[in-house]
There are 2 protein chains.
Amino acid sequence: MSGSVQGYNPRTGEPVGSPVPETSDVSVDSLARAAEAAFPSWSTMPAVERASVLDAVADALDASSDALVEVAEAETALGVPRLTTELKRTTNQLRLFGGVLREGSYVEATLDSANPDIIPPRPVLRRMLRPLGTVGVFAASNFPFAFSVAGGDTASALASGCPVIVKAHPSHPGTSAETARIVASVVPVGVFGIVHGQEAGVALVKHPAIKAVGFTGSTVGGRALFDLASSRPDPIPFYGELGSVNPTVVLPEAAAARPEGFAAEFVGSLTLGVGQFCTNPGLVFAPESLVPALSDAVSSAVGGPMLNERMCDAYRSGTDGLASSGLASLVAEGTAPTEGWSVPPRLFQVPLATFADNLEKLTEEHFGPAAIVVTYTDPADLASVLPHLPGTLTGTVHAAESEHEPAARVAESLRPVVGRLIFNGWPTGVAVAWGMHHGGPWPATTNPLHTSVGATSIRRWLAPVTYQSWPDPLLPAELRNDNPLGIPRRVDGVLGTH
Amino acid sequence: MSGSVQGYNPRTGEPVGSPVPETSDVSVDSLARAAEAAFPSWSTMPAVERASVLDAVADALDASSDALVEVAEAETALGVPRLTTELKRTTNQLRLFGGVLREGSYVEATLDSANPDIIPPRPVLRRMLRPLGTVGVFAASNFPFAFSVAGGDTASALASGCPVIVKAHPSHPGTSAETARIVASVVPVGVFGIVHGQEAGVALVKHPAIKAVGFTGSTVGGRALFDLASSRPDPIPFYGELGSVNPTVVLPEAAAARPEGFAAEFVGSLTLGVGQFCTNPGLVFAPESLVPALSDAVSSAVGGPMLNERMCDAYRSGTDGLASSGLASLVAEGTAPTEGWSVPPRLFQVPLATFADNLEKLTEEHFGPAAIVVTYTDPADLASVLPHLPGTLTGTVHAAESEHEPAARVAESLRPVVGRLIFNGWPTGVAVAWGMHHGGPWPATTNPLHTSVGATSIRRWLAPVTYQSWPDPLLPAELRNDNPLGIPRRVDGVLGTH
């Protein structure tokens, strides 16, 4: 009854590895039930012990680095250096969450003493965050490690104390299966599972034992699953990281200062991983004078194979459609290897007024190494356009020392629609840190409050509970009066380690 | 074209006050546009100044206390003492948020220094929370002040820096209009608006300028609006606080210790505000030996008028239906004044096994002073039933000193389905504090991560933004290196005031 998922080599379009069987509804159900059974012990394991398990998962993945990178390279063509770095990023991320658990403030322990004299009177209250239950994670195509089976969603959910069931991405089934085997060999039984196939993904989102879902992928796919999660008899939180156009604004003096250097950096960001980044700089607002340098740089750039045939076709038809739409001019095209699912970088140009009149059409994401330069004459004109961009993960400003004032105005125009504001840099490359926010308003994500990267991504899987007038010995260690774990807490409104 | 909303006296069923016109779609649109225009200055006003505005709103409401209570008493019949206290609770809540703004940690200021040597490399990152945009608030019927026009949703959203448009509850249009007049006279133009009528509420949820919605009310109404918010072209966060059965477990020795005292306290909580509390104790798990005391107490109790005719009818038909269902026995009924929309308290009984077999039917909320006693013989039998209760705002355990161990087991069974665990107390009465969580899994709310009461309710209206490599002078004050506001921040992972 079930089919299978076959991996392909993007450089040749030929199958690689054995097909992985699709997961039946019955198997999805048993994985979900096993995760449910594992929840009580995993969720109440002391955080420092869970941290050690995350470290052990990281160590096990690092120990298999060569084998994992080899199968991922065959299925994704992203190259050994990039994949080796990406796996290291993935294991560092698991270790970061270990650090978050050991620091302990992630539970937001809060203690209020009684006050019978205020209105309304206050009993003794103790509040902390506790894990939600089993989490479903939909892996992305473009980061076969960092946003896939053992990626950020999985790492943060496991850290929170939630069991995880991953829906593997069909573009790298072998990498997924091998990563899953390693993770499952380290964590307690039932705490981690993996399913393959689209129907299994749907069954996962609808399963009553699943209490939240993380997703990284396309706007269309993410929206369909968000709708499914929201229309359950019991709607569940769905955290989708979807499409993003990542506007970059170059102010006049910054553009004039070093056009070739700027163009070279831009093309580096645009073509990184064949443009298959959610933070790819797809929209550049620049003075017309910068266009020749940008065009030259794109013309000299070399594309590469995209991750799968569907993405290759979508890039080609999407950018062909844009070129023939009459709305934007194709001003430069790089080269592409002829074999497999390779595509060339493409650069389009449109004046600001035309862009503003066709905002919806011209802010469609063309996943891959394509960008539109929107040419402006006066930076002041940007203020009426930038706030109307669709929600996006990042917004970037390039400004000379003398342009701080207009840069601040551009930033204020962009802020309501972006999750991260970058100064004189590039949006590709997402640091894993306490201060990272990788999110933004719709359609960048399905929920603007949350991030899929960084220490605070753990919050997506935690909900508060308050203990009222609760006997001290019966409280979780995080909330006992003498703070046995020594974690940061808020006591009568004041943050500290007390 | 538009109709009007008429207030009624629940004691007589007669109209009180003048009808308030329903708000047209055109007016909803102009209110939303005015709020949008007010957003830039309101959202960037220094937090301490916004705190002063909240204090001024509180002062203005307090100054009009007598007049507000008089109109609310005519429209709700909740009684002058309760309404006076509720208004004080409402103004104290506004002042609590002033304190939250002055303390400053609510923005979660986070500063990471650069580290080029890790994978991936880390640039200088600065993260904080910023307000989402204009918020729609659906006022509740049962708290004409504390969960209505100037209630918790409005106070927290204004505190966050979001403009607010309230959809008034039709059961107290006069109270709503008068409260709105006072709030609007204090806050800057456009920052606060009010609409009346069901169609205006729908228009509000669908309006593109509305970025999030807060709701307190029925499961049916909340679900319909949640579905509307989730199915927008750009889905927005919808925070609904809906129905709740609030289980109370009485362990055997606690029940035996003082049956009459316990029963008297139970009936006090059950009949408070004619049982029109979202935290009303609607399910009591008790030994059979406690039933006579509970029955006696309910038989002696006096009901009162419900807030509107629809709620009165729903209570009567819902509890009549339960009595005739054969699933639970009506074991006691109190009295009710004969006039208006008055209802009597009612107590039902069912054995644990029957309850477990008919869980869905017997956990339907009957809003008002009705409860079901579920009788058990061995507390150990509860563990297989309690985790299957629908999500609920509170769960309560009554235990003697010698019963701490079974109390802890009951609490662990309840924890996954409740937002607040209460020991030897009653769920009615929700303190406004840092440590309060007033939320829970579906159907208690539409989002288990958030609370509608307490300091952290402000988070519902805030989203993170990260500034990468951003020049210090261009950063918001909260994120500048020298911490000019002196607020608590996280610097390189460590919480402190630095």
Side-chain angles (χ1 to χ4, degrees), chain A residues 85 88-89 92 103 105 110-112 118-123 125-127 130 132-133 226 230 234-235 237 404 407-408 411 415-416 419-425 429-437 439 442 446-449 451 463-471 473-474 488 490 493 495, chain B residues 85 88-89 92 103 105 110-112 118-123 125-127 130 132-133 226 230 234-235 237 404 407-408 411 415-416 419-425 429-437 439 442 446-449 451 463-471 473-474 488 490 493 495:
Chain A
T85 308
K88 194 71 201 164
R89 172 209 172 94
N92 282 349
E103 193 258 354
S105 66
T110 305
L111 291 76
D112 287 333
I118 53 167
I119 295 176
R122 187 175 69 223
L125 299 172
R126 301 276 185 272
R127 172 187 181 272
R130 304 285 300 253
L132 280 174
F226 168 80
S230 306
D234 57 331
H404 278 192
R415 197 191 52 74
R420 177 164 52 115
L421 281 164
I422 300 152
F423 193 85
N424 284 353
V430 183
V432 180
W434 283 98
M436 177 49 67
H437 180 59
W442 173 268
T446 55
N447 186 323
L449 272 67
T451 179
V465 63
T466 288
Y467 295 84
Q468 178 173 323
S469 310
W470 210 257
L474 302 189
R490 187 185 295 277
L495 285 170
Chain B
T85 307
K88 195 69 201 162
R89 173 209 172 93
N92 282 349
E103 193 257 355
S105 66
T110 305
L111 291 76
D112 287 333
I118 53 168
I119 295 174
R122 187 176 69 223
L125 299 173
R126 301 275 186 273
R127 172 186 181 271
R130 303 286 299 253
L132 280 174
F226 168 81
S230 305
D234 56 332
H404 278 192
R415 197 191 52 72
R420 177 165 52 115
L421 280 164
I422 299 152
F423 193 84
N424 285 353
V430 183
V432 180
W434 282 98
M436 177 50 67
H437 180 59
W442 173 269
T446 54
N447 187 322
L449 273 66
T451 178
V465 63
T466 288
Y467 295 84
Q468 178 174 323
S469 310
W470 210 256
L474 301 190
R490 187 185 295 277
L495 284 170

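Residue numbering restarts at 1 for every chain, and letters A, B, ... go by the order of the sequence lines. Quick caveat: nothing in here was measured; it's all calculated off a predicted structure.
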Keeping B:Ser469 on the side-chain end and A:Phe423 on the backbone end, is there a donor-acceptor pair under 3.5 Å?
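Looks like no, no N/O pair under 3.5 Å.
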Judged by atom type as modelled, is there a donor-acceptor pair below 3.5 Å linking the side chain of B:Asp112 to the main-chain atoms of A:Gly435?
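Flag set: sc B:Asp112 to bb A:Gly435 pair under 3.5 Å.
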Working to the nearest 0.5 Å, report the span between [atom1] of [X] and [atom2] of [Y].
X: A:Trp470; Y: B:Arg420; atom1: CH2; atom2: CZ; answer: 11.5 Å
X: A:Arg130; Y: B:His437; atom1: CZ; atom2: NE2; answer: 12.5 Å
X: B:Leu449; Y: A:Asn447; atom1: CG; atom2: CG; answer: 8.5 Å

I'd like to verify something: which residue of [options] has the highest number of heavy-atom pairs under 4.5 Å with chain A?
options: B:Gly439, B:Gly419, B:Ala408; answer: B:Gly419
options: B:Ala411, B:Pro416, B:Pro235; answer: B:Pro235
options: B:Pro121, B:Ala431, B:Gly133, B:Ala407; answer: B:Ala431
options: B:Gly425, B:Pro123, B:Pro471, B:Gly429; answer: B:Pro471
options: B:Thr110, B:Thr85, B:Leu474; answer: B:Leu474

Ignoring hydrogens, what is the shortest heavy-atom contact between B:Ala463 and A:Pro448? Give both atom names and the distance.
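Nearest pair, atom of B:Ala463 first, then A:Pro448: CB-O, 3.3 Å.
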Taking all non-hydrogen atoms of both residues into account, name the closest pair between A:Tyr467 and B:Arg415 and its distance.
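Shortest heavy-atom separation between A:Tyr467 and B:Arg415 comes out as OH-CD, 3.5 Å.
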Can you tell which part of [X] gets under 4.5 Å to a heavy atom of chain A, answering side chain, backbone, both or neither?
X: B:Arg89; result: both
X: B:Pro237; result: side chain
X: B:Trp442; result: side chain
X: B:Leu132; result: side chain
X: B:Asn92; result: side chain
X: B:Ile422; result: both
X: B:Pro488; result: side chain

Tell me, with the steps shown, if A:Ser105 and B:Arg490 meet side-chain hydrogen bond (donor to acceptor under 3.5 Å, both in side chains).
CA-CA 11 Å; A:Ser105 66; B:Arg490 187 185 295 277; 2.7 Å; yes
Step-by-step side-chain contact (heavy atoms from CB on, under 4.5 Å) determination, B:Met436 to A:Leu125:
CA-CA 7 Å; B:Met436 177 50 67; A:Leu125 299 172; 4.0 Å; yes
Sort out for me which of A:His404, A:Arg122, A:Lys88 touches chain B most, counting heavy-atom pairs under 4.5 Å.
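Maximum pair count with chain B is reached by A:His404.
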Could you tell me if the side chain of A:Pro120 sits less than 4.5 Å from the side chain of B:Val432, heavy atoms only?
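Touching, per the 4.5 Å side-chain cut-off.
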